[in-house]
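The block underneath contains the structure these notes are about, expressed in structure tokens.
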Number of protein chains: 8
Amino acid sequence: MTELYSRISKDNAAVILVDHQTGLISGLVRDYGVDEFKNNVLALANTAKFFNLPVILSTSFENGPNGPLMQELVDLFPNAPKISRPGQINAWDNEDFVKAIEATGKKQLIIAGVVTDVCVAFPALSALKAGYEAFVVTDASGTFSQQVANAALMRMAHAGAQLMNWFSVASELQRDWRNDSEGFGALLASQLPGYQNVIGSYMGAQSDLGEQNN
Amino acid sequence: MTELYSRISKDNAAVILVDHQTGLISGLVRDYGVDEFKNNVLALANTAKFFNLPVILSTSFENGPNGPLMQELVDLFPNAPKISRPGQINAWDNEDFVKAIEATGKKQLIIAGVVTDVCVAFPALSALKAGYEAFVVTDASGTFSQQVANAALMRMAHAGAQLMNWFSVASELQRDWRNDSEGFGALLASQLPGYQNVIGSYMGAQSDLGEQNN
Amino acid sequence: MTELYSRISKDNAAVILVDHQTGLISGLVRDYGVDEFKNNVLALANTAKFFNLPVILSTSFENGPNGPLMQELVDLFPNAPKISRPGQINAWDNEDFVKAIEATGKKQLIIAGVVTDVCVAFPALSALKAGYEAFVVTDASGTFSQQVANAALMRMAHAGAQLMNWFSVASELQRDWRNDSEGFGALLASQLPGYQNVIGSYMGAQSDLGEQNN
Amino acid sequence: MTELYSRISKDNAAVILVDHQTGLISGLVRDYGVDEFKNNVLALANTAKFFNLPVILSTSFENGPNGPLMQELVDLFPNAPKISRPGQINAWDNEDFVKAIEATGKKQLIIAGVVTDVCVAFPALSALKAGYEAFVVTDASGTFSQQVANAALMRMAHAGAQLMNWFSVASELQRDWRNDSEGFGALLASQLPGYQNVIGSYMGAQSDLGEQNN
Amino acid sequence: MTELYSRISKDNAAVILVDHQTGLISGLVRDYGVDEFKNNVLALANTAKFFNLPVILSTSFENGPNGPLMQELVDLFPNAPKISRPGQINAWDNEDFVKAIEATGKKQLIIAGVVTDVCVAFPALSALKAGYEAFVVTDASGTFSQQVANAALMRMAHAGAQLMNWFSVASELQRDWRNDSEGFGALLASQLPGYQNVIGSYMGAQSDLGEQNN
Amino acid sequence: MTELYSRISKDNAAVILVDHQTGLISGLVRDYGVDEFKNNVLALANTAKFFNLPVILSTSFENGPNGPLMQELVDLFPNAPKISRPGQINAWDNEDFVKAIEATGKKQLIIAGVVTDVCVAFPALSALKAGYEAFVVTDASGTFSQQVANAALMRMAHAGAQLMNWFSVASELQRDWRNDSEGFGALLASQLPGYQNVIGSYMGAQSDLGEQNN
Amino acid sequence: MTELYSRISKDNAAVILVDHQTGLISGLVRDYGVDEFKNNVLALANTAKFFNLPVILSTSFENGPNGPLMQELVDLFPNAPKISRPGQINAWDNEDFVKAIEATGKKQLIIAGVVTDVCVAFPALSALKAGYEAFVVTDASGTFSQQVANAALMRMAHAGAQLMNWFSVASELQRDWRNDSEGFGALLASQLPGYQNVIGSYMGAQSDLGEQNN
Amino acid sequence: MTELYSRISKDNAAVILVDHQTGLISGLVRDYGVDEFKNNVLALANTAKFFNLPVILSTSFENGPNGPLMQELVDLFPNAPKISRPGQINAWDNEDFVKAIEATGKKQLIIAGVVTDVCVAFPALSALKAGYEAFVVTDASGTFSQQVANAALMRMAHAGAQLMNWFSVASELQRDWRNDSEGFGALLASQLPGYQNVIGSYMGAQSDLGEQNN
């Protein structure tokens, strides 16, 4: 069982993205709106990029109906290991996948994927069993319905997984805005339309006052 | 308490379907839409059939308002033991039911039924107490409302049940697509309209290119 | 503007199915669950078949991402005219489509499609303008969200379209169970799981009494 | 088209209850919760009884899966004409049904039934066409989903039906509490648990003060 | 029938608040959250006050379970005519009520109340019939469920009522911010927590810059 | 911590109903519909009555705005101890309340009340701490919102409470239909409209066949 | 009243975007998710750009809490007239706004804005009254709640506005894919993540077959 | 791990309010309605004030887009320590924050903030790790969606946090109405519109009887 509060550390974390493939997202994901889900996945991916975390991609039968990986992920991580599993459903059953994780030397695994109850739950539970810490990014993982998602999240929580969302992952990695205030602000602005709006208003307000002062 | 991540194995699992009777479904199930619920139940049943798992059916007062078992289940499993309980509400209180389970020699019980809070929860909790592993198939189990379902699922999760859905059961049993790629694909296509669509698109796309190449 | 209550007649109605293609359903339809939507579309199609109504199929760019027509529709209506539109978005802009409708000699058009706000609304509005009656089958038509669907339905209702669902279409065509009680009952049983359940219970109850009587 | 605001009058109104049968409610109604729907139907029925309005009951194939009329309705209106339609889906197509309405001499028809899109919409539209006023009691009518209900209600509203609910029907019939303040209050208390609570609190408060005063 | 777009004018409008009584709100209103509903009603009331519109209050059996008028309304409008109806359900049936309206000399009636389908719908329809314009404030009116509310709003819209919300009423009365920019801003800030937040942020931003400039 | 699966026994259980008062239900309960909530509470009460379980009622400030106990509970349990707490919010802080429980000699407490997060959660947690088993009847307990209910249920589940609903309580107490098949059936029929419908259909079907046989 | 089906034409349409300001969106819009709303607004904007329609921007008090226009709109339309209204709430009350519309020479106005019930409804109703056609883009317009939105849309529909969504606007303007198949496809792919996925799958499928063929 | 049921005590509790800033609430909180959320936060704040609990405020970058603290909190607690964190995201990483907590000498921390998954979860988990008890006030904490909130609450519950809501916090602190019945009643009346209504009705009922008695 993991610690009471295990904090994700930039030095000890890797990001695992499992089966964010066009066919699976299109055909199966119904617990998030299409706009929201795409933005959440890219937000997690850009978070990984911003913190230079090792990223491991995996796909299942991408030469088939499951479809290719989201093109944005391919473009963001051209050098990341991409484990195209020839058949294993639980990515952890694929030796190359586990080796790729071991090669990172990290023990904190930040995991998201499609669908939550299989492609996320199975490797997350395997990782916990293998002694890793598993941080499940719930809002960058999608599945058939909110009811299915809830059952899968409860199952993982009872097995010791830490349930998070992309924003809490980013915040924990950042720890302190001063580590790179501008960069982190830009990350949030580009991924959170709600935050982009308040930034826009803030800059507008300052510009207004600037005009008044002249 | 069960293991951290106990994997369902084809060699050690049996499927228990409790009280999927026409009257109970019609009168009581309101946490899933009628189309979705029927498809989920048949998907679990066809999964059991595909993997040749032993199946045990049980009914409560089928000669009465609770109604007969869904005809599709009767047709799919003509040789499965069907325990018509003369009165016991918790199927585990029926000796024949427990004997039928023991006769399978399996220790992993995949359980679904109507209604979740009684016909599923009671035997699942009894099975856990008797030393079995209980895998509750949440989306092939129905009840009065989502609020009732949530409370029952929380109760079972805290007692050590593994919350799953039919698709994660099928995926864990299959382990690797290569064990029978075509058969498993056909199973999914016939039970998941969303997946059927992406398969249809894939085949259409290949056919398009085929035409172009000629 | 149509009459106050124009009744669909078997002798004067044709069914128009626009763009029920795998890619469009998979990628765009989010106002109905996947199981429910598939069942609704097939229910309308089987209704058309049961009443021997002329059916006109149309697709948009089926050799492309929009994907092929749902295979079940192809199988149900092998001889129906299928207008593969080379580019027109409003099917009514396609001369062959209008000719196919004219060829039926019918003036009551029962229309469903994907997506509701375009592939249904545009030809329905055009049909109304051309003097036809338009019966929009709301639950066999899908789109991006319930909000988009509501706006499109309000628009069509204000223009004189009759908003229906597949069950009310079937019921109006049947008029009287005695026209073919068994056939109509079988149609409903196969398309309405909720009705199938009450039929199952009824037959079970009669069989129970039969047993008691012997 | 009806008047801008046609008021239901005790002297000119009849209540039409179409197909509130056990099988239909159980198998088909999903746009209201089971408790709420039963209470709404009985509230409308007791309203009819309270105001001594003529009531006409109709059933469709009650000797079959559709099941018998809700027993409470049978008990409340033992002398009401009950038109058991041998096959007509639109009750208006049944001569006895229309004659029973004509026999009341009323021109304002208060209509509810199962399902909304067929058993309510068809006779309501026919009644409008025949020159009657149609007051559709939306919350004592049920169907497959809220989406189906909305489409049917929009259709009827555009054809001139007045959309009401049982409480607005009762209130319009009552006109003035002084016509029978106690009786009307008792009707509301017995049918509206929320109102029952405020009455209970009021009586409790007066009793408290009574005690204080002594 | 009202004009295509009849604009509410400060000089021609009166506000009618019907039966916002503690017992009715507590026992019957379920289509809005309690916080939201209270805020909406007070927002409309403060809007009336801000624009010095004549206000007419009415209650039904306030010496009884329906309870007294919301105290805030009593406090805001100590001099408004309050028509305590001795029994009439439709306030328009009360002569004093109609006289009070006539005494204002206004022809545009802004109406809200509890419950929407009776206490709002009946006088709004009567007002339309009597030649007034009726502006129904949908979000300051409450009832049993969203389904009941929708049916009542559709009914009123088809009869010619203008469906509005308190914010659109306030905005139409204000016409131009420059008529009293501070006062109107203060009204919105005090009634719209969402707007209060953006004002807070704006003032904070200006204060920040002010500090920077010193 | 309670056992894995502690079964409620007729011989060892008492029912505790806390603060089901008219004012509290009317003013505070919003996580269930008014019809559904009343029916659930009465269903639990009638279950207690049917099994002759000792019942303990408690109220908080019933001579005040909280209002009197629901009259139906008073009528059902005229001889049950009713602890009118003079001020203690957690009923367990009231000595008479604890003594009344001790006087039953039962160790399994079936608890429901208004509001879930206080009047249920506090005594349930106290009972667990005092060594009792706590069975929380989630659907006969109400509170401000589903979000508040969920948090309270999670809190209790983590502290060892068994989350149930009235139907699972009744079913566990009954154990076997044969203990009193008619009585139990009548209990369910009177409290579950959905079950009442399927019973009605069953009896109708048998009556049909009976007619055919004659 | 507009025609039965007035088709938007590239040659006769202008796009009016009213008050899509950061403060208003952030503080007031709650009927769409933040991701979905931003994407919808930009989709409409990019549609306008793609078809080279004249665009008119307007803001209300942008030097204040309402905040500046969304930066993306500023960037997309650097040369569009931007009417900064000094106080008028209904943009149509601003002479420059009306002149800007007149200067386009277009009679079909495609209108979206924040909030729907004021900034969209008021100018849309004014435009209708002035003889223009008003096409309201419902999903690129936001407001306080779905209830407020529904009331505002019903009001506009009854006054003759055409309710549309950005996708139906784009589709009607395009008329025929062959007018610019690639460009239109790219527009949809970039604005509809669901469509982007099916395109990704299609290209993946063709690439698979390409590999097989070599 | 905390005790089974740790009761909050006035003598041992402090209230921690983290980042209730105008920009964060406006831009990010979407799991509660704006009216409900504001009222919940102020209810918790007034509860703290009523019981004279030490309050610690903290903000993150308040001189920036996150905006100033809600003005009401500033006004309520002019003398509370306000820790303006220069960059730490987890308030517990800020030494002054921890010192302020230590200075209170309290070991029970009642925590709320924006957003739940970061500003609440991080310090709550840190507090648990440091040996404090953490009582998370779920309804005075807001975040991006109910799905994100649920995951964060499950995470905290599994780590030993007590999930509460402002009303259960107030009730536990009060323990017994007699400690200050009037004060506590006034607190509830001012923060719970639903309770305010039943109080209003109660006072009205007594006044009615008073009048009758004279």
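Since the structure is predicted, the reported quantities are computational estimates derived from the model, not experimental observations. Numbered from 1 within each chain, the chains take letters A, B, ... in sequence-line order.
Chosen from H:Asn66, H:Leu24, H:Val115, the residue pairing most often with chain A at heavy-atom distances under 4.5 Å is H:Asn66. Counting heavy-atom pairs closer than 4.5 Å to chain A, the top residue among H:Ser126, H:Ser60, H:Ala152 is H:Ser126. When the candidates A:Met154, A:Gln146, A:Arg178, A:Gln174 are compared by the number of heavy-atom contacts under 4.5 Å with chain H, A:Arg178 comes out ahead. Ranked by non-hydrogen atom pairs under 4.5 Å with chain A, the options H:Phe144, H:Phe61, H:Phe122 are led by H:Phe122. Considering only heavy-atom pairs separated by less than 4.5 Å from chain H, the leading option among A:Asp176, A:Asn197, A:Asn179 is A:Asp176.
Nearest heavy atom pair, residue H:Val118 against residue A:Ser168, reads CG2-CA, 3.5 Å. Considering every non-hydrogen atom in both H:Arg155 and A:Phe135, the closest pair reads NH2-CE2, 4.3 Å.
For A:Ser171, the parts lying under 4.5 angstrom from a heavy atom of chain H are both the backbone and the side chain. Looking at A:Leu192, only its side chain comes within 4.5 Å of chain H, counting heavy atoms on both sides. Neither the backbone nor the side chain of A:Met203 comes within less than 4.5 Å of any heavy atom in chain H. With a 4.5 angstrom heavy-atom cutoff, A:Gln196 does not touch chain H via any of its atoms. Within the 4.5 angstrom heavy-atom criterion, only side-chain atoms of A:Ser181, from C-beta onward, approach chain H.
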(message) Please evaluate residues A:Phe167 and H:Asp117 with respect to the criterion side-chain contact (heavy atoms from CB on, under 4.5 Å), reporting the C-alpha separation (whole Å), side-chain torsions for both, the decisive distance (0.1 Å), and the verdict.
(response) CA-CA 8 Å; A:Phe167 182 70; H:Asp117 43 301; 3.8 Å; yes
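For A:Gln71, the side chain to side chain donor-acceptor pair (under 3.5 Å) partners two or more places apart in sequence, or in a different chain, are A:Asp75. Applying the ring pair (Phe, Tyr, Trp, His ring centres under 6.0 Å) rule to H:Phe184 yields the partners H:Trp177; only residues at least two apart in sequence or on another chain are considered.
Chain A is approached within less than 4.5 Å, heavy atom to heavy atom, by H:Ser26, H:Gly27, H:Leu28 from residues 26-47 of chain H, ordered by number. Against chain A, the residues from residues 80-95 of chain H that qualify, each with a non-hydrogen atom under 4.5 angstrom away, are H:Pro86, H:Gly87, H:Gln88, H:Ile89, H:Asn90, H:Asp93 in number order.
In this structure, A:Asp139 CG and H:Gln147 CD are separated by 8.5 Å, a value rounded to the nearest 0.5 Å. Interatomic distance, CE of A:Met156 versus NE2 of H:His158, reported as 11.5 Å (0.5 Å rounding). Atom CG in H:Asn150 sits 11.5 Å away from atom CG in A:Asn165 (nearest 0.5 Å).
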